[in-house]
Amino acid sequence: RLGHFPLLPVPSPPCQPLSHVGTFTIRLLQTTTFQNTSFADTEGLGLLEDIELGSLDKHTWSIHLYQRWVRSALPRADWDTIEKLIKIYLYRFNHLINEGAMQMEVPYPFVAQCIAGCVLYPNRTSQAFVYVGYNGQDFLSLNTKNATWTLSQDTTLSRYVQSFLQNDTAFSEMVEMIFNDTCVDEMEMLLHYGRAALERQELPVATVFTRSPSLDQLLLVCHVTGFYPRPISVAWLRDGQEVPPGPALNTSPILPNADLTYQLRSVLAVAPRDGHSYVCRVRHQSLGTRSLLIPWGRSHS
Ligand SMILES: *[C@@H]1O[C@H](CO)[C@@H](O)[C@H](O)[C@H]1NC(C)=O
Ligand SMILES: *[C@@H]1O[C@H](CO)[C@@H](O)[C@H](O)[C@H]1NC(C)=O
Ligand SMILES: *[C@@H]1O[C@H](CO)[C@@H](O)[C@H](O)[C@H]1NC(C)=O
Ligand SMILES: *[C@@H]1O[C@H](CO)[C@@H](O)[C@H](O)[C@H]1NC(C)=O
Ligand SMILES: *[C@@H]1O[C@H](CO)[C@@H](O)[C@H](O)[C@H]1NC(C)=O
C-alpha cells in the first residue's frame, strides 16, 4: 500500500472549468523487476483519477496512449520531451538501484516500485508526491517541500539509496521539476481535454435476491453494478427505516468491473418470516436527487 488518494469530485455545472471545482490526481506507477545485474523488466502506467491514460512499452520504453483525447491535450513536442525524460529517468533509476544492490550485496531477483504524481486542489495549489517501494514494502518517500528523502524502513539499503539520492542533486532536481511544474501545467490541459471522460456517468443496476445458509437465517443480498463514478451509497430500509451498521449488515468493498464501472453488494441477515418489509436503497450521482428502491417483502415481489 503506497498511499491514499482522493476520489472523483462531484460534477461541475456546465461552463465552469473542471479544475476549479474538484481535486484531481495524476499518478504514474512504475514496477521494475531486477532479475540480475544486467536484466531488469519495467512496467509503467499513467492514471488521471481512475482513468488509464497510457502505459510504457516494456521493450522500447516509449509511451502507448489509451485515449484519443490524451494525445490532443499536449503538443507533439511535449510528448517527445516527456518520453525523453522518462527514458533518462529509467536509465538512471536502474543504474542507481543496481549500484546500490551490488554495494549492499542485495540478493537478486527483487522488485522496486515507484508511485509519483501530483494533486491539483480546487484552490489551484498543487502537491507533488513520490513514494518508492522495495519488495512490496514502503521504502523511501520524497518531501517535495524541502527536496529531502525520508526513510519508510530503516535498513542499510534504504540508507544507502537515500544518501545516494541526496548526493545526486541533478536527479533529485529533475524529479522535483517533473512533478512540481510539468505535472501541474499538463494536468490543466488534461482536465480540459478529458472532461467528458471525467464527467462520465453510468447508472447503477441493482438486484435483490436471497440466500439461506440455515433454516433460521435468511440473507438478503442487494447487488449493485455498472455505476460510474465510484462513490455510491447503498442502504437497507426495514419498514422504511434505514438499518444502522451492525453485525447483521455486511457491505463489500467497491470492486472494479472490466469496463471502468464499479460494483458492490450489501448483505443483511434477517430471521425468515419476521413480518417486516425490506427495501434496498441506492443513491448515486447519476441518479441526481432520486434514489433507486428495490423492495423485498413477504410477497417476494
Ligand atoms: C539475467 O536474466 C535474464 C532473464 O532472466 C537472462 O536471460 C540472462 O541470462 C541473465 N544474465 C545473467 C548474467 O545472469
Ligand atoms: C488549498 O487547498 C488544500 C487542500 O484543501 C490545502 O491543503 C491548502 O492549504 C490550500 N492552499 C491555499 C493557499 O489555500
Ligand atoms: C523536510 O520535511 C519533512 C516533512 O515535511 C521533515 O520531516 C524533515 O525534517 C525536513 N528535512 C529538512 C532537512 O528540513
Ligand atoms: C554521499 O556523500 C557523502 C558526503 O560526501 C558521502 O560520505 C557518501 O558516501 C555519499 N553517498 C553515496 C551513496 O555516494
Ligand atoms: C517545488 O515546489 C516547492 C513548493 O511549492 C518550491 O518550494 C520548490 O522551489 C519547487 N521546486 C522546483 C524545482 O521548482
Side-chain angles (χ1 to χ4, degrees), residues 2-12 16-27 30-44 48-49 56-61 90-91 93-133 135 138-155 158-181 183-185 187-188 191 198 231:
L2 289 167
H4 174 79
F5 300 96
L7 295 171
L8 273 176
V10 294
S12 55
Q16 201 178 339
L18 261 176
S19 50
H20 289 251
V21 291
T23 294
F24 293 96
T25 306
I26 286 190
R27 278 173 287 167
Q30 174 207 346
T31 300
T32 304
T33 307
F34 291 86
Q35 302 284 2
N36 51 47
T37 49
S38 55
F39 187 83
D41 211 21
T42 296
E43 287 176 84
L48 172 58
E49 296 296 312
L56 211 58
D57 185 294
K58 246 181 172 170
H59 305 288
T60 63
W61 291 352
L90 286 176
Y91 179 78
F93 179 86
N94 287 0
H95 182 74
L96 162 65
I97 300 295
N98 274 320
E99 196 74 18
M102 280 190 284
Q103 295 279 342
M104 298 293 121
E105 294 173 357
V106 171
Y108 286 79
F110 61 87
V111 181
Q113 284 170 293
C114 292
I115 177 164
C118 58
V119 187
L120 191 62
Y121 295 111
N123 59 16
R124 303 182 71 84
T125 63
S126 66
Q127 171 76 58
F129 53 85
V130 180
Y131 298 96
V132 184
N135 279 345
D138 290 349
F139 188 66
L140 283 177
S141 64
L142 179 68
N143 305 307
T144 45
K145 290 215 165 60
N146 55 18
T148 59
W149 293 85
T150 302
L151 302 175
S152 308
Q153 53 174 263
D154 196 351
T155 61
S158 66
R159 286 196 172 277
Y160 176 87
V161 176
Q162 181 194 39
S163 112
F164 195 98
L165 287 168
Q166 223 78 270
N167 288 4
D168 190 350
T169 49
F171 183 74
S172 291
E173 269 168 25
M174 186 183 85
V175 170
E176 211 186 321
M177 189 193 73
I178 291 173
F179 295 108
N180 239 19
D181 305 330
C183 194
V184 171
D185 292 349
M187 172 110 79
E188 301 258 352
L191 292 179
L198 286 162

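In each ligand, atom 1 is the first atom listed, and ligand 1 is the first ligand listed. The structure displayed is predicted, hence computed values, not measured ones.
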Looking at CD1 of Ile26 and CD of Glu49, how far apart are the two atoms once the value is rounded to the nearest 0.5 Å?
9.5 Å

When Phe34 is tested against each of Ile97, Val111, Thr42, Asp41 for side chain to side chain contact (heavy atoms under 4.5 Å, CB included), which residue passes?
Ile97

Quick check on contacts: which atoms of ligand 1 are under 4.0 angstrom from a heavy atom of Asn36?
1 (C), 2 (O), 3 (C), 8 (C), 10 (C), 11 (N), 12 (C), 14 (O)

Could you check whether Tyr91 and Phe93 have their ring centres less than 6.0 Å apart?
no

Verify whether one side chain among Thr148 and Asn143 offers a donor that lies under 3.5 Å from an acceptor in the other.
yes

If I take atom CZ from residue Arg159 and atom CD from residue Gln153, how far apart are they, to the nearest 0.5 angstrom?
11.5 Å

Neighbouring residues of ligand 3, heavy-atom cut-off under 4.0 Å
Asn143, Asn146, Thr148

With respect to Tyr121, determine whether any N or O atom, backbone or side chain, lies less than 3.5 Å from an N or O atom of ligand 2.
no

Donor-acceptor pair, side chain of Gln113 and main chain of Gly133, under 3.5 angstrom
no

Hey, does the side chain of Glu43 reach the backbone of Lys58 with a donor-acceptor pair shorter than 3.5 angstrom?
no

